[in-house]
There are 2 protein chains.
Amino acid sequence: MARAGITADRLVEAAAELADTAGFDQVSLSALARHFGVAVPSLYAHVKSSHDLKTRIALLALAELADRGMAALAGRSGRDALAALGGVYRDYARAHPGRYAAARLPLDPQTAAASAGPRHSEMLRAVLRGYQVPAAEQNHAVRFLGATFHGYVSLELAGGFDHSSPDSQQSWSRAVDALDVALRHWPS
Amino acid sequence: MARAGITADRLVEAAAELADTAGFDQVSLSALARHFGVAVPSLYAHVKSSHDLKTRIALLALAELADRGMAALAGRSGRDALAALGGVYRDYARAHPGRYAAARLPLDPQTAAASAGPRHSEMLRAVLRGYQVPAAEQNHAVRFLGATFHGYVSLELAGGFDHSSPDSQQSWSRAVDALDVALRHWPS
DNA sequence: TACATTATCCTAAGGCCATTAGGAAGCGGG
DNA sequence: CCCGCTTCCTAATGGCCTTAGGATAATGTA
């Protein structure tokens, strides 16, 4: 019987692809086994469980997002950096909704610490360097930024802005402006 | 055989309770059948499907949230109204995480239109009455507010703020301040 | 009260999914 | 060449959702 040549990485890649096209909740070992023309239990040679597979998608998404974020932030500051980082999140979520959903998965503490998650906080903190936010307020501002980015992307992805004018691009632009204002006049 | 006295409402109430205590993803017809001491297919006399049940939890949550929001907004304006409405979302999500998760479920257009969803936009719009946001900017601001509220609550619920200082209450307070600033200096 | 209707509940059965156990077969190193 | 590791298989278990069709309790009516 010819081998299918499955590796953990190829599996995760295919799973991420499936998540983006069919929805994260459609990711299953069964679906992947069908995709690779293989029996379901065969996949257990590569991943520990269905949960393990989903966690790996999350780690992939967090890493891809962090890479793009770092690239976007390079050489930018202030409002430019803010818009660039926000744009990365938004664009990634629209291009890869399944991966983005995976990235919101709760991770156990060790996994989270070893993930690209910390890099995300660092990126938000880097954006703040372009504003005069007091040191003691940095964490608050990071949380505020993260919340708004995630919230907007999440609502947009859920289709919340689909059937009402004006189009989402304009609202996004305004949201970035509003964040810029809030950071420039950070309350203390 | 004694009847269990199940009604659709009691079913949804129990499901919502289960969602809050065990997690929304633990809500299943099986679990509810066990809870009521009844065979699983019996539940189909009251709900059309598992999806129908979850949708009803979402409608319940949206309605409860809207009721509390309306009550909190009564007699308040400006920053007070902003903080009150935000507090309703945050407190509800912390007290009823399962219901809050249900409320984020995508609804088909008719169901959404008949739900309490529209009341939520109205509440956000009511908050804006306390600020000088131009009419053409109202939708942008509504989306911005909704995104930040939801984003913050969502991250907090996922445990994102659990293991880092300072505590989430302070960050929340700052987030409300930041929103207030953004609305008072809305970019146009 | 007796009966018919309806709503509630049941068992049986089929399908999809995840997981474990244990066996066969490809593939590379010695 | 062949030993061993990895990959893959079948078989079996158990959980979930759903439909079909039958029995029974509650309700209203003659």
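Everything quoted here is computed from the prediction, not taken from an experiment. Chain identifiers are assigned alphabetically (A, B, ...) following the order of the sequence lines, protein sequences preceding nucleic acid strands; residue numbering begins at 1 within each chain.
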*Separation of B/His46 atom NE2 from C/dC10 atom P, in whole Å?*
10 Å
*Mark yes when over 12 heavy atoms from residues, nucleotides or ligands other than A/Gln170 sit less than 6.0 Å from its CD; otherwise mark no.*
yes
*Can you check the A/Leu43 CG to C/dA21 P distance for me, whole Å?*
18 Å
*Measure from NZ or CZ of A/Arg174 to the centre of the six-membered ring of B/Phe144 and say whether it is under 6.0 Å with the direction within 45° of the ring axis.*
no
*4.5 Å side-chain heavy-atom contact, A/Trp172 and A/Glu156*: no
*Using atom CG of A/Asp9 as one end and atom C1' of D/dT7 as the other, report the distance to the nearest whole Å.*
17 Å
*asked:* In the structure I gave you, are the side-chain heavy atoms of B/Tyr89 and B/His120 within less than 4.5 Å of one another anywhere?
replied: yes
*Do the non-hydrogen side-chain atoms of A/Phe24 and A/Leu18 ever get within less than 4.5 Å of each other?*
no
*Within less than 4.0 Å of OP1 or OP2 of D/dT7, is there a side-chain N or O belonging to A/Ser42?*
no
Nucleotide N/O to protein N/O under 3.5 Å, stretch nucleotides 14-18 of chain D:
unit_1: D/dC16; atom_1: OP1; unit_2: B/Arg34; atom_2: NH2; d: 3.3
unit_1: D/dC16; atom_1: OP2; unit_2: B/Arg34; atom_2: NH1; d: 3.3
unit_1: D/dC16; atom_1: O5'; unit_2: B/Ser30; atom_2: OG; d: 3.4
unit_1: D/dC17; atom_1: OP1; unit_2: B/Leu29; atom_2: N; d: 3.3
unit_1: D/dC17; atom_1: OP2; unit_2: B/Leu29; atom_2: N; d: 3.2
unit_1: D/dC17; atom_1: OP2; unit_2: B/Ser30; atom_2: N; d: 3.0
unit_1: D/dC17; atom_1: OP2; unit_2: B/Ser30; atom_2: OG; d: 3.1
unit_1: D/dT18; atom_1: OP2; unit_2: B/Tyr44; atom_2: OH; d: 2.9
unit_1: D/dT18; atom_1: OP2; unit_2: B/Ser50; atom_2: N; d: 2.7
unit_1: D/dT18; atom_1: O5'; unit_2: B/Tyr44; atom_2: OH; d: 3.1

*Between A/Leu73 and A/Ala126, which heavy-atom pair has the shortest distance, and what is it?*
CD1-CB, 4.2 Å
